[in-house]
There are 2 protein chains.
Amino acid sequence: MSTRSDRISADERREQILDAAVAVFGEFGYAGTSTDRVARAAGISQPYVVRLFGTKEQLFIETLRHTLERLLATFRAALPVDAEEASVEQRLGEAYLRLVEDRGVLLTLLHGFMLGSDPGIGPVARDGFLQVFRMLRDEAGLAPEQIHRFLADGMLINTLLATGIGVDAATDRDAADLMECTFGERVGEVLARASA
Amino acid sequence: MSTRSDRISADERREQILDAAVAVFGEFGYAGTSTDRVARAAGISQPYVVRLFGTKEQLFIETLRHTLERLLATFRAALPVDAEEASVEQRLGEAYLRLVEDRGVLLTLLHGFMLGSDPGIGPVARDGFLQVFRMLRDEAGLAPEQIHRFLADGMLINTLLATGIGVDAATDRDAADLMECTFGERVGEVLARASA
DNA sequence: GTCTATACTAGGATAGAC
DNA sequence: GTCTATCCTAGTATAGAC
């Protein structure tokens with residue numbers, strides 16, 4: 001959460017603010033986030049955030065775009081075949097899990113998707129989702145049914161991580177079973193991260 | 001959205017308010033919803049909503065519980081074998097699609113799931129999700145891998161409906177393909193509902 | 001490039017009447 | 001059972017100085 005240092009370039013400052021914003025929007029959602037909270041997380045004053053981004057909506061839109069770009073970049077970095085015997089889907093899945101370990105990233109994306117009816121935010125969210133779809137089809141070379149599976153698994157993972165059912169898994173047998181049947185052999189790993 | 005009629009029993013009034021609340025919380029999210037908006041949707045005054053539910057958080061929690069119960073009830077009603085040759089999963093899937101046609105229901109559930117970190121709301125959301133899991137396992141008799149598929153598909157459906165990608169499908173070929181590869185032969189039906 | 005001061009609105013919750 | 005009036009806080013955005 002970016003430490004303060006006086007008088008840096010506006011571009012650098014924007015980056016700092018966006019990083020802070022991912023965490024804050026993720027935690028409190030779009031409506032629940034105040035520009036002041038983002039400002040404090042970035043170590044600057046509230047009016048300056050507004051000055052740089054215009055409105056809170058614009059700030060969220062840019063934060064969402066920023067996060068979607070990070071998602072795309074993460075997937076692209078996982079495309080080239082590695083030394084292991086992993087399939088494309090496995091490589092992409094691994095990369096995704098590592099990315100959404102950052103709860104801010106996970107929830108900023110989800111909050112964006114849920115604002116589909118918002119005239120300013122909806123189009124950005126849909127466009128981002130479609131870009132992922134195209135990437136899976138054109139760059140990863142997945143067939144329709146593979147895309148379907150990959151996305152569906154991803155959305156279930158999102159939900160389980162968002163609700164935090166993994167934390168219950170330590171004490172609740174059913175929660176553990178649910179995690180197990182979703183994450184398979186990777187449960188241990190995921191649960192370890194969840195409690196960390 | 002419940003029409004006003006003076007001096008009914010508190011219980012009836014609570015039901016009216018909960019119905020209104022599902023629609024409003026769905027549209028604006030937890031933080032984005034004002035108790036005043038819910039009150040107006042229910043045709044009563046804002047302080048009376050607070051009087052009946054204590055706090056906005058309590059109102060949301062009861063709204064979420066109410067919606068989760070409706071979900072469970074919908075699934076249970078779809079369990080008994082019907083005249084058609086449909087599998088349990090197909091019957092449950094059909095029932096689910098009809099339920100979440102109500103955007104308020106869909107989004108209230110999703111908003112609830114995303115508030116997993118909230119100390120008051122998180123436990124309710126997790127408990128609801130676990131109840132669904134148990135129902136699929138114990139009452140529908142699904143095997144772990146079937147549950148996994150069913151839930152994953154459901155979560156993808158949620159996301160596509162929430163973002164509103166179906167609306168884009170009319171003009172964007174990729175959006176149409178994405179809908180197709182998720183909903184299969186049921187696309188037409190879903191898209192027709194989406195535009196209605 | 002960044003701040004302080006501030007205007008203005010919205011919203012949760014309470015008091016108390018009917 | 002339900003309302004009106006009201007308090008108080010929080011939050012967006014602007015003006016203007018440094």
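Each chain gets a letter, A, B and so on, in the order the sequences are listed, and its residues count up from 1.
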Over-ring placement of B:Lys56 relative to B:Phe25, 6.0 Å and 45° cut-offs: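 Pair B:Lys56/B:Phe25 does not count as cation-pi.
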Given atom [atom1] of [X] and atom [atom2] of [N], what is their separation to the nearest angstrom?
{"X": "A:Gln16", "N": "C:dG1", "atom1": "CD", "atom2": "P", "value": "13 Å"}
{"X": "B:Phe53", "N": "D:dG1", "atom1": "CZ", "atom2": "C1'", "value": "14 Å"}
{"X": "A:Tyr48", "N": "D:dA13", "atom1": "OH", "atom2": "P", "value": "17 Å"}
{"X": "A:Arg37", "N": "D:dG11", "atom1": "CZ", "atom2": "P", "value": "7 Å"}
{"X": "B:Arg40", "N": "D:dT2", "atom1": "CZ", "atom2": "P", "value": "18 Å"}

Residue from A:Leu71, A:Leu99, A:Leu110 passing side-chain contact (heavy atoms from CB on, under 4.5 Å) with A:Val105: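 Going through the options one by one, the only one that passes is A:Leu99.
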Pairs touching residues 72-85 of chain A that satisfy salt bridge (Lys or Arg N to Asp or Glu O under 4.0 Å), sequence neighbours left out: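 Qualifying pairs: A:Arg76-A:Glu139.
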Residue closer to the 5' end of DNA chain D, A:Gly32 versus B:Leu52 (nearest nucleotide):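 Mapping each residue to its closest nucleotide by heavy atoms, the 5'-most match is B:Leu52.
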Check ion pair A:Asp177-A:Arg173 (N to O, under 4.0 angstrom):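 Salt bridge flag = yes for A:Arg173 with A:Asp177.
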A:Arg13 and A:Gln16 side chains, donor-acceptor separation under 3.5 Å: yes
Which pairs, protein N/O on one side and nucleotides 12-16 of chain C N/O on the other, fall under 3.5 Å?
from	atom 1	to	atom 2	distance (Å)
C:dG12	OP1	B:Thr33	O	3.2
C:dG12	OP1	B:Lys56	NZ	3.3
C:dG12	OP2	B:Thr35	N	2.8
C:dG12	OP2	B:Thr35	OG1	2.8
C:dA13	OP2	B:Lys56	N	3.1
C:dA13	N7	B:Gln46	NE2	3.0
C:dA13	N6	B:Gln46	OE1	3.1

Parallel, tilted or perpendicular, as decided by the 30° and 60° cut-offs, for the rings of A:Tyr96 and A:Phe75: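 Rings of A:Phe75 and A:Tyr96: parallel, as their planes differ by under 30°.
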